[in-house]
Number of protein chains: 2
Amino acid sequence: MEISQTEENYLKIIFKISERDGEPVSTNAISAEINTTAASVTDMVKRLSEKSLIHYERYKGVTLSTEGEKAAKRLIRKHRLWEVFLVTELNFSWDEVHDIAEQLEHIKSAELVERLDKYLGFPKFDPHGDPIPDAAGNFTFRRQYPLSELSVGESGIVVGVQDHSATFLQFLDRMNLGLGAEIQLLERFDYDESIKILNRSDQEQILSKKVCQNLFIQKK
Amino acid sequence: MEISQTEENYLKIIFKISERDGEPVSTNAISAEINTTAASVTDMVKRLSEKSLIHYERYKGVTLSTEGEKAAKRLIRKHRLWEVFLVTELNFSWDEVHDIAEQLEHIKSAELVERLDKYLGFPKFDPHGDPIPDAAGNFTFRRQYPLSELSVGESGIVVGVQDHSATFLQFLDRMNLGLGAEIQLLERFDYDESIKILNRSDQEQILSKKVCQNLFIQKK
DNA sequence: ATAAAATTTTAGATTGGGCTAAAAATATTT
DNA sequence: AAATATTTTTAGCCCAATCTAAAATTTTAT
């Protein structure tokens, strides 16, 4: 049975919400994420359930079936591989690629995905530091922390972001805080939970609580 | 006004039929090409006409408007650039790329197309020898003839195909008659309109009328 | 020039994906 | 345990894109 582009998007978003909030995923959570009414979501989850892509019980929310989860991971794999292509081959910046990858992820050809993966040198992470599932659906795990959880004195490398918005990514560029940036936490200010860091490719910087919460660091 | 994927496909097919059979393009010609009923085509041409993408008069067939032709050419440009990418970068063979490019051509991002074009070195022809329109919609013209129109003794290079089917392309591969093959017409057999050629990267070969009609040659 | 054949259009139905408004079920507060 | 609030579902509608069957128009043949 064919999975439509719309259905794929639902599976992807259900996967994403599951990861973030746990299961089961509520109708409202889905509708909030994709800007559709709860009524439409109910319609769609019925269809997805009919196709055995999710488990659904009235008023109880949904969980992905094995099949549904596979489909979601395939989509994420494609999305992230295309993002790598756009950034490393076509020189797009990391804040420009999301919308294009959102379209490219729906291209149907297993062969294409595998060749692209090989062409790009089997990357493990995308331009935002998110792990790229392998053909079997396995993610590479990496121990990483929000910058807000580092202790004073600790050092680390920027390896990912929580917030993928273009404005945040552009801010990070302006601050020389892209992936790979090496930093050390110098001081915490309890007043507003901002911090002072030493950015090795720059100098001392003050970062707000919001920035700290959205930046992932690998300690070293 | 947005052009849907389905609408884009209609524009492309109308462009293709116009090129082949001239204008105006009949409802039946379209329905034959895309495997839909004539009634559905009538519905769609009304919509396209409503959007000023084609000129349409009941019972009189359709022609592309300036806007419609631009859209069709953009689609062809994308299709052929992606085919180049698939063949030259991802090592697909020329008989495998059509269906994937058929999907990729609908990706919406003008920036992506221009970057891809540059990345590929501004190719003028796709893997089947078909010209790639530039950003303004202009095709590179090349004087080429079906092999069936060559005279005995004339030499030339294979530069394109009329028939894009995988079976024909695979046959050409097997005969060492891919793009760039150098040949000379040695003899014509009136009986079945087959010919004998000298294939410089092979040896003497007999080719049927059908093959001759579907192979484009640049004389030299 | 008319009859027959072919083409094209209309009418009416269907399916996927979405909407609003109202009803039903669940969760929260008192 | 009610009453209230929130969430979810149902009912009924819409639009794009398709279909079949029948009607209208154009083309071809006699």
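Just so we're on the same page: letters track the sequence lines, and every chain starts at 1. Computed from heavy atoms alone, side chains included, the values below leave out hydrogens, waters and symmetry copies.
In summary, the aromatic rings of A:F85 and B:F85 are positioned with their centroids under 6.0 Å apart. Ring centers of A:H79 and A:H98: under 6.0 Å apart, within the cut-off.
Rounded to the nearest 0.5 angstrom, A:Q103 CD and B:I107 CD1 are separated by 5.0 Å. Taken to the nearest 0.5 Å, the CZ atom of A:F171 stands 11.0 Å off from the CG atom of A:D163.
Here D:dT8 presents its C1' atom at 10 Å from NZ of A:K46, a figure rounded to the nearest Å. Straight-line distance from the CG atom of B:N9 to the P atom of D:dA16: 17 Å, rounded to whole Å. Put simply, CG on A:D21 is 14 Å from P on D:dT7, counting in whole angstrom units. Taking atom OH on B:Y56 and atom C1' on C:dT7, their separation rounds to 12 Å, with Å as the unit. The CD-P distance, from B:E2 to D:dC15, rounds to 18 Å in whole Å. Between A:E50 atom CD and C:dG16 atom C1' there is a gap of 14 Å when expressed in whole angstrom units.
Within the 4.0 Å cut-off from OP1 or OP2 of D:dT8, not a single side-chain nitrogen or oxygen of A:K60 is found. Distances shorter than 4.0 Å separate none of the side-chain N or O atoms of A:N28 from OP1 or OP2 on D:dT6. Proximity of B:Y59 to the phosphate of C:dA6: no side-chain N or O atom is located under 4.0 Å from OP1 or OP2. Applying the 4.0 Å criterion to OP1 and OP2 of C:dT8, one finds that B:S26 has a side-chain N or O inside that range. At D:dT26, none of the side-chain N or O atoms of B:R58 fall inside 4.0 Å of OP1 or OP2 (strictly under the cut-off).
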Using atom types as modelled, flag every donor-acceptor pair under 3.5 Å from a side chain in residues 21-30 of chain A to any protein atom, sequence neighbours excluded.
| residue | atom | partner | partner atom | Å |
| --- | --- | --- | --- | --- |
| A:S26 | OG | A:A29 | N | 3.1 |

Please list, one pair per line, the donor and acceptor atoms closer than 3.5 Å that link side chains of residues 43-54 of chain B to other protein atoms, with sequence neighbours excluded.
| residue | atom | partner | partner atom | Å |
| --- | --- | --- | --- | --- |
| B:K51 | NZ | B:E2 | O | 2.8 |
| B:K51 | NZ | B:E7 | OE1 | 2.9 |
| B:K51 | NZ | B:E7 | OE2 | 3.0 |

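Aromatic ring orientation, A:F15 versus A:F139: parallel (interplanar angle below 30°, classes split at 30° and 60°).
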Report each atom pair, protein N/O against N/O of nucleotides 17-19 of chain D, whose distance is under 3.5 angstrom.
| residue | atom | partner | partner atom | Å |
| --- | --- | --- | --- | --- |
| D:dA17 | OP1 | B:S4 | OG | 2.7 |
| D:dA17 | OP2 | B:R47 | NE | 3.1 |
| D:dT18 | OP2 | B:Y10 | OH | 3.4 |
| D:dT18 | O4 | B:D43 | OD2 | 3.3 |
| D:dC19 | OP2 | B:T37 | N | 3.0 |
| D:dC19 | OP2 | B:T37 | OG1 | 3.0 |
| D:dC19 | OP2 | B:S40 | OG | 2.4 |

